[in-house]
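Shown next, in structure tokens, is the structure this report addresses.
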Amino acid sequence: MGRTYYVEEDIGQYLSDLSTKFKPYVTGLLIGQCSSQRDYIIRAVRTPPKEEQKEGNTSPSKLESIDEEWINAHASQVSRMLPGGLLVLGVFIIATPELSKDSQNALRKIIFSIEKSLTKRRLWKPAEEEVSDRAALQVCSATKKIVCRTYDVQDPKSSAKPADWKYQSALSASWLSLDCTVNVNIHIPLLATSPNHDLEKNIKNGLNRWSKQIEDSIFLINGQIKDDTELLEGQKKLRGNTQYSTQISDIKVLTQLSQGSSHRSTATVQVCSGSINLKGAVKCRAYVHNNKPKVKEAVQALKRDIINTLNDRCEILFEDLIINEGPHKKNFERVYHVLPQRLFVPFAGSSVMLSDYKFGDEAAGEIQERFVEMLDQSVQDEDIHVAEELNTECLPSRKNYAFSLLALSVQLWLQPVQFRHIVEDEAVTKKKKKSFKKFA
């Protein structure tokens with residue numbers, strides 16, 4: 001039996017509008033959430049037209065001309081704007097009857113291409129029991145007929161399976177939100193034996209180690225450790241009215257001070273010519289559906305948001321450096337960079353807020369343009385909620401490189417020093433009690 005997608009009712013009208021505006025075809029992304037019992041689609045977003053297509057609202061006449069690289073880039077940008085719990089769950093194509101025959105093959109290629117592109121960026125691995133089906137929605141622009149199929153992206157030889165597409169009003173109007181602030185302090189030594197110091201590569205390696213800490217961490221919800229199979233509490237009547245509370249803010253993250261019982265850590269002294277420090281506090285948020293969600297789903301969504309938001313900010317910083325500063329200077333003693341602030345923006349009819357990042361000198365107009373281009377959504381100034389404040393304690397007293405954001409700063413020192421480095425020894429096993437430190 002195929003999967004069933006419960007779809008926000010407004011998406012039907014959105015797809016209908018696109019079918020009259022763009023000829024002979026238009027592609028786009030489906031955004032939502034998977035669960036073991038149900039899958040949810042809460043947004044559909046058309047692929048931004050290229051400059052040469054903006055004038056006439058037309059696409060190339062043949063599906064062979066679909067630009068997979070352009071669609072992958074759009075999917076990567078959109079995935080950065082999704083809080084925990086949401087992902088690119090599939091793709092759609094609206095095409096004329098003449099192109100409908102080849103539409104399914106085009107969708108299959110796009111789905112696997114997007115998944116490959118997004119997987120490269122991730123610092124976390126999907127769980128074995130996780131749903132790996134992705135939706136391929138085909139809409140005929142003339143008859144408005146909808147055909148939905150799924151492909152298993154973990155199986156390159158996967159064939160199409162039929163799926164149900166069911167509209168539902170106010171689908172995400174009362175989803176649960178989980179919020180926490182995570183204090184980050186990551187120290188990354190730069191070995192003197194390295195021929196050159198690739199800042200981006202070294203930070204990526206450090207984030208990979210840190211992400212494993214987050215994945216192994218324990219979450220306290222309202223001061224308690226909850227069993228994975230418990231139902232998530234949160235939908236309770238507020239005193240004096242019939243509305244429901246959909247936010248859980250009392251969440252703490254505890255990371256391990258020692259390795260698990262199958263590993264032993266040993267210390268080695270290595271000569272380092274510098275170090276990188278990522279330090280600050282980040283706002284994290286995840287959403288889960290309101291159909292009896294379990295603690296495991298919520299915690300997994302929040303863990304991934306913690307990992308994603310730090311990784312995304314570092315990527316954005318390096319992209320900005322390449323555009324504005326060119327190649328990094330190698331002969332410097334100390335450089336400070338401040339990573340972009342996180343912000344949230346609501347969309348109509350939903351309790352879910354979408355995310356984005358801004359540097360301090362970035363105007364509201366630039367954020368609004370980005371939402372129109374990436375998510376096909378108009379945003380008012382008053383709807384932009386900056387979640388973090390600039391922490392001036394992180395900034396150096398003297399003039400240095402500085403990009404504005406919150407307490408999250410990148411500091412780089414290039415001075416030869418001896419560094420006592422902890423190395424994990426997997427060959428030796430030793431039973432230890434796990435101890436934890438408060439992370440948030």
Side-chain angles (χ1 to χ4, degrees), residues 2-22 26-48 74-75 78-79 81-94 107 111 114 131 133-141 144-150 163-178 234-235 243-244 246-247 285-293 297-298 301 305 344-356 371-372 374-380 383:
R3 302 195 68 80
T4 297
Y5 290 94
Y6 291 86
V7 185
E8 178 60 54
E9 197 170 48
D10 291 345
I11 290 177
Q13 185 60 51
Y14 178 76
L15 296 176
S16 179
D17 292 343
L18 288 179
S19 69
T20 61
K21 290 179 182 177
F22 295 91
V26 60
T27 60
L29 307 175
L30 300 171
I31 298 167
Q33 185 171 102
C34 291
S35 73
S36 57
Q37 297 177 330
R38 294 184 176 188
D39 296 325
Y40 306 89
I41 305 287
I42 66 170
R43 286 295 298 267
V45 183
R46 59 100 182 94
T47 305
H74 180 226
V78 168
S79 67
M81 303 173 83
L82 302 180
L86 296 184
L87 71 157
V88 176
L89 202 53
V91 295
F92 69 82
I93 187 168
I94 304 170
L107 286 173
I111 282 176
I114 287 176
V131 176
D133 287 344
R134 296 293 179 265
L137 184 72
Q138 182 180 343
V139 183
C140 176
S141 60
K144 304 298 188 280
K145 180 183 176 182
I146 286 178
V147 177
C148 185
R149 297 185 176 94
T150 62
D164 290 332
W165 184 267
K166 296 184 177 181
Y167 288 113
Q168 183 176 323
S169 62
L171 181 66
S172 59
S174 57
W175 279 19
L176 295 172
S177 121
L178 298 94
Q235 285 193 298
Q243 292 183 348
Y244 288 83
T246 58
Q247 186 174 25
R285 180 176 297 178
Y287 292 92
V288 287
H289 60 84
N290 58 352
N291 182 38
K292 298 181 179 178
E297 294 176 77
D305 188 66
F344 292 98
V345 171
F347 68 93
S350 177
S351 64
V352 175
M353 298 182 78
L354 301 171
S355 175
D356 198 13
F371 268 84
V372 169
M374 294 297 152
L375 295 170
D376 205 9
Q377 175 181 335
S378 298
V379 175
Q380 303 301 316
D383 289 333

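If you're wondering where the values come from, they're calculated on a predicted model, not measured in any experiment.
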Please give me the minimum heavy-atom distance between [X] and [Y], naming the atom from each residue.
{"X": "Ser174", "Y": "Asn290", "result": "OG-ND2, 2.7 Å"}
{"X": "Tyr287", "Y": "Met353", "result": "OH-N, 3.1 Å"}
{"X": "Pro346", "Y": "Gln377", "result": "O-NE2, 3.0 Å"}
{"X": "Ile94", "Y": "Ser19", "result": "CG2-CB, 3.6 Å"}
{"X": "Thr150", "Y": "Ala135", "result": "CG2-CA, 4.4 Å"}

Heavy-atom side-chain contact between [X] and [Y] under 4.5 Å:
{"X": "Leu176", "Y": "Pro293", "answer": "yes"}
{"X": "Val7", "Y": "Trp165", "answer": "yes"}
{"X": "Ile146", "Y": "Leu137", "answer": "yes"}
{"X": "Leu354", "Y": "Arg43", "answer": "yes"}
{"X": "Pro48", "Y": "His74", "answer": "yes"}
{"X": "Ile31", "Y": "Leu375", "answer": "yes"}

Look at the side chain of [X] and the backbone N and O of [Y], then say whether any donor-acceptor pair between them is shorter than 3.5 Å.
{"X": "Asp383", "Y": "Val345", "value": "no"}
{"X": "Gln33", "Y": "Gly85", "value": "yes"}
{"X": "Ser172", "Y": "Ser350", "value": "no"}
{"X": "Tyr14", "Y": "Val45", "value": "no"}

For [X], side-chain contact (heavy atoms from CB on, under 4.5 Å) partners two or more places apart:
{"X": "Leu87", "answer": "Leu89, Arg134"}
{"X": "Ala286", "answer": "Ala301, Leu302"}
{"X": "Asp10", "answer": "Glu8"}
{"X": "Ala298", "answer": "Leu178, Leu232, Val288"}

Could you check Leu15, Ile41, Thr27, Leu107 and say which one makes a side chain to side chain contact (heavy atoms under 4.5 Å, CB included) with Phe92?
Leu15
Does the side-chain contact (heavy atoms from CB on, under 4.5 Å) test come out yes or no for Leu18 and Val139, once each step is laid out?
CA-CA 10 Å; Leu18 288 179; Val139 183; over 6 Å; no
What's the separation between atom [atom1] in [X] and atom [atom2] in [Y], rounded to the nearest 0.5 Å?
{"X": "Arg46", "Y": "Met374", "atom1": "CZ", "atom2": "CE", "answer": "9.0 Å"}
{"X": "Asp376", "Y": "Phe371", "atom1": "CG", "atom2": "CZ", "answer": "12.5 Å"}
{"X": "Leu171", "Y": "Ser351", "atom1": "CG", "atom2": "OG", "answer": "10.0 Å"}

Taking everything shown except Lys144 itself, do over 12 heavy atoms lie less than 6.0 Å from its NZ?
yes
Only pairs at least two apart or in different chains count here, so list each salt bridge (charged side-chain N to carboxylate O under 4.0 Å, His left out) that has a residue in residues 29-40.
Arg3-Asp39
Please list, chain by chain and in numerical order, all residues satisfying ring pair (Phe, Tyr, Trp, His ring centres under 6.0 Å) with Tyr40, sequence neighbours excluded.
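For Tyr40, the residues satisfying ring pair (Phe, Tyr, Trp, His ring centres under 6.0 Å) (neighbours in sequence not counted) are Trp175, His289.
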